[in-house]
Protein chains: 2
Amino acid sequence: MGRWEPDAAGRLREAAMALYAERGYDGTTVAEIADRAGVTARTFFRHFADKREVLFAGSEQLERHMVEALAAAPPDASPMEAVTAAVLATAEFFDDIRRDYSRRRAAVITSTPELRERELIKMATLTTALTDGLLARGVAPDVAALAAETGVAVFRVSFERWIAAPDDVPIGDVLQATLKNLAALTA
Amino acid sequence: MGRWEPDAAGRLREAAMALYAERGYDGTTVAEIADRAGVTARTFFRHFADKREVLFAGSEQLERHMVEALAAAPPDASPMEAVTAAVLATAEFFDDIRRDYSRRRAAVITSTPELRERELIKMATLTTALTDGLLARGVAPDVAALAAETGVAVFRVSFERWIAAPDDVPIGDVLQATLKNLAALTA
DNA sequence: TCGGTGATGTCAGTCAATGACATCACTCGA
DNA sequence: TCGAGTGATGTCATTGACTGACATCACCGA
């Protein structure tokens with residue numbers, strides 16, 4: 001136990017999500033989020049770069065996880081096989097507990113242009129990271145970019161479908177199905 | 001001739017571009033842009049929704065132009081042929097005069113995360129518009145989305161290359177070359 | 001016990017963005 | 001010709017995001 005309640009960042013995330021869902025992104029001030037989390041607005045900005053970033057806290061973790069899975073793929077795996085491994089590795093992030101959070105989060109994001117912008121750049125950053133990972137595996141630049149783009153597209157589509165799917169469908173199944181669809185398309 | 005100098009929006013665009021290039025986006029205030037354009041900050045926000053939008057003023061026009069070209073394609077044209085027509089239609093927008101502006105604009109955008117976000121959402125909006133245009137032509141949803149995505153990708157890649165190319169290369173040539181590359185890839 | 005550390009609070013300030021209201025050249029119809 | 005719009009702009013006040021500088025104070029390690 002420290003001097004303050006621990007996990008201020010976590011409380012801020014919870015508070016922000018709750019308030020965004022309740023009053024909308026524009027209808028919520030940083031001061032209100034901080035209040036609910038029991039800190040000041042100044043502390044909010046010490047944990048998150050801006051008012052949007054609080055909804056994208058997990059993205060660096062997810063990216064790191066995918067890049068690691070990409071690097072861990074067998075050396076003789078094809079670019080697309082490596083990307084597939086990275087995409088499937090995301091299943092470990094989104095369990096049943098996260099699904100409810102993900103749904104509320106997605107609802108807020110899709111209804112707020114500012115947040116959609118942020119999400120787009122996160123996806124772009126992820127694509128760049130995967131591209132770099134493929135380049136490190138010796139993949140040709142053109143192929144790397146294309147494979148990374150495809151991988152992120154598969155993740156995006158699957159994530160959306162997972163959110164819309166019944167509660168008993170795990171995200172792994174959706175990812176598998178999307179990958180199968182892709183294979184059928186390109187065959 | 002009106003009561004004020006005409007084309008305030010145009011002057012604001014010029015002023016913004018010059019100041020962003022000179023001092024950077026963050027180092028420029030809306031008040032400074034307005035000053036240079038001979039108006040007040042309030043007037044800036046009457047012409048542009050926010051500080052970023054002033055660099056994306058032409059995007060609605062470009063989108064409309066592409067959508068019209070898409071609609072004007074022969075009814076029996078394939079989805080990809082229609083998209084190709086839309087992509088090639090952009091050549092009418094970017095002449096030699098626009099190239100210099102485009103270069104400076106691209107330099108500012110790539111060096112400013114906030115502006116990159118805005119550019120990404122513009123591209124996403126364009127993709128949606130082309131998708132809708134294809135749907136109106138009776139194209140199946142999956143195919144429409146994919147074709148639109150591909151078309152925007154071709155435009156993006158071509159635009160980047162055109163900016164980096166020597167001054168005597170017209171954008172039309174670059175678009176043609178990119179489309180040829182795509183055909184070779186998918187063959 | 002004491003100085004360093006780190007997370008937080010406090011305060012003042014800048015600047016983007018918006019609403020309400022005033023201004024005033026220009027236009028058009030009575 | 002006059003007077004009531006009209007539309008683009010200016011002025012003013014306000015909110016709220018974000019930042020820098022400095023203070024605080026429990027904890028930890030020597």
Side-chain angles (χ1 to χ4, degrees), chain A residues 1-57 108-109 111-119 121-122, chain B residues 1-57 108-109 111-119 121-122:
Chain A
M1 288 298 116
R3 178 179 170 194
W4 304 275
E5 290 301 308
D7 195 24
R11 293 202 312 280
L12 284 165
R13 270 196 298 274
E14 297 274 337
M17 186 61 247
L19 288 171
Y20 290 169
E22 187 182 321
R23 318 180 186 177
Y25 175 82
D26 289 328
T28 304
T29 69
V30 170
E32 289 167 347
I33 299 170
D35 265 1
R36 181 180 287 217
V39 296
T40 64
R42 192 66 185 85
T43 293
F44 177 96
F45 289 109
R46 287 205 179 91
H47 286 280
F48 305 101
D50 58 43
K51 193 184 165 188
R52 313 173 196 175
E53 201 63 19
V54 68
L55 280 191
F56 297 89
V108 174
I109 290 178
S111 65
T112 312
E114 281 184 79
L115 294 173
R116 297 214 299 134
E117 282 188 345
R118 182 56 53 86
E119 176 149 73
I121 207 166
K122 291 295 179 186
Chain B
M1 287 297 117
R3 179 180 170 193
W4 305 273
E5 290 300 307
D7 196 22
R11 293 201 313 280
L12 284 166
R13 269 195 299 274
E14 297 273 337
M17 187 60 247
L19 288 171
Y20 290 170
E22 187 182 321
R23 318 180 187 177
Y25 175 83
D26 289 328
T28 305
T29 69
V30 170
E32 290 167 346
I33 298 170
D35 264 1
R36 180 180 286 216
V39 296
T40 64
R42 192 66 185 84
T43 293
F44 177 95
F45 289 109
R46 288 206 179 90
H47 286 280
F48 305 101
D50 58 44
K51 194 184 163 187
R52 312 175 197 177
E53 201 63 19
V54 67
L55 280 189
F56 297 88
V108 175
I109 290 178
S111 66
T112 311
E114 281 184 79
L115 294 173
R116 297 215 298 133
E117 281 187 346
R118 182 56 53 86
E119 176 151 72
I121 208 166
K122 291 294 179 186

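Below, chains carry the letters A, B, ... as their sequence lines are ordered, and counting in each starts from 1. The figures here come from the full heavy-atom set of this structure, side chains too, leaving out hydrogens, waters and symmetry mates.
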Answer yes or no: is there an ion pair linking A:E119 with A:R52, defined by an N-O contact shorter than 4.0 Å?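 No, no charged N to carboxylate O under 4.0 Å.
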Residues A:E114, A:K51: salt bridge by 4.0 Å N-O rule: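 Salt bridge flag = no for A:K51 with A:E114.
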Rounded distance in Å - [atom1] ([X]) to [atom2] ([N]):
X: A:F44; N: D:dA17; atom1: CZ; atom2: P; answer: 9 Å
X: A:E5; N: D:dC25; atom1: CD; atom2: C1'; answer: 16 Å
X: B:E114; N: C:dC15; atom1: CD; atom2: C1'; answer: 12 Å
X: B:K51; N: D:dC18; atom1: NZ; atom2: P; answer: 13 Å
X: A:D26; N: C:dG19; atom1: CG; atom2: C1'; answer: 16 Å
X: A:F45; N: C:dT10; atom1: CZ; atom2: C1'; answer: 16 Å
X: A:E53; N: D:dT19; atom1: CD; atom2: P; answer: 12 Å

For B:R46 and A:F48, find the nucleotide of DNA chain D closest to each by heavy atoms; which residue's nucleotide sits nearer the 5' end?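 Residue closer to the 5' terminus by nearest nucleotide: B:R46.
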Got a sec? Which of residues 29-40 of chain B come in under 4.0 Å of DNA chain C, heavy atoms?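 The answer is B:T29, B:V30.
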Which of these nucleotides, C:dT8, C:dG6, C:dA20, is closest to any side-chain atom of B:R42?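 It is C:dA20.
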OP1 or OP2 of D:dA8 versus the side-chain N and O atoms of B:T43: is any pair under 4.0 Å?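 No, B:T43 has no side-chain N/O under 4.0 Å of OP1/OP2 on D:dA8.
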Think A:H47 has a side-chain N or O under 4.0 angstrom from the OP1 or OP2 of C:dT8?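 Result: yes.
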Difference in axis direction between the ends of the helix from C:dT1-D:dA30 to C:dA30-D:dT1, five pairs, 10°: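 The value is 0°.
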Over all strands shown, is A:A8 touching base, sugar-phosphate only, or nothing at heavy-atom distances under 4.0 angstrom?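 Sugar-phosphate, backbone atoms only, no base.
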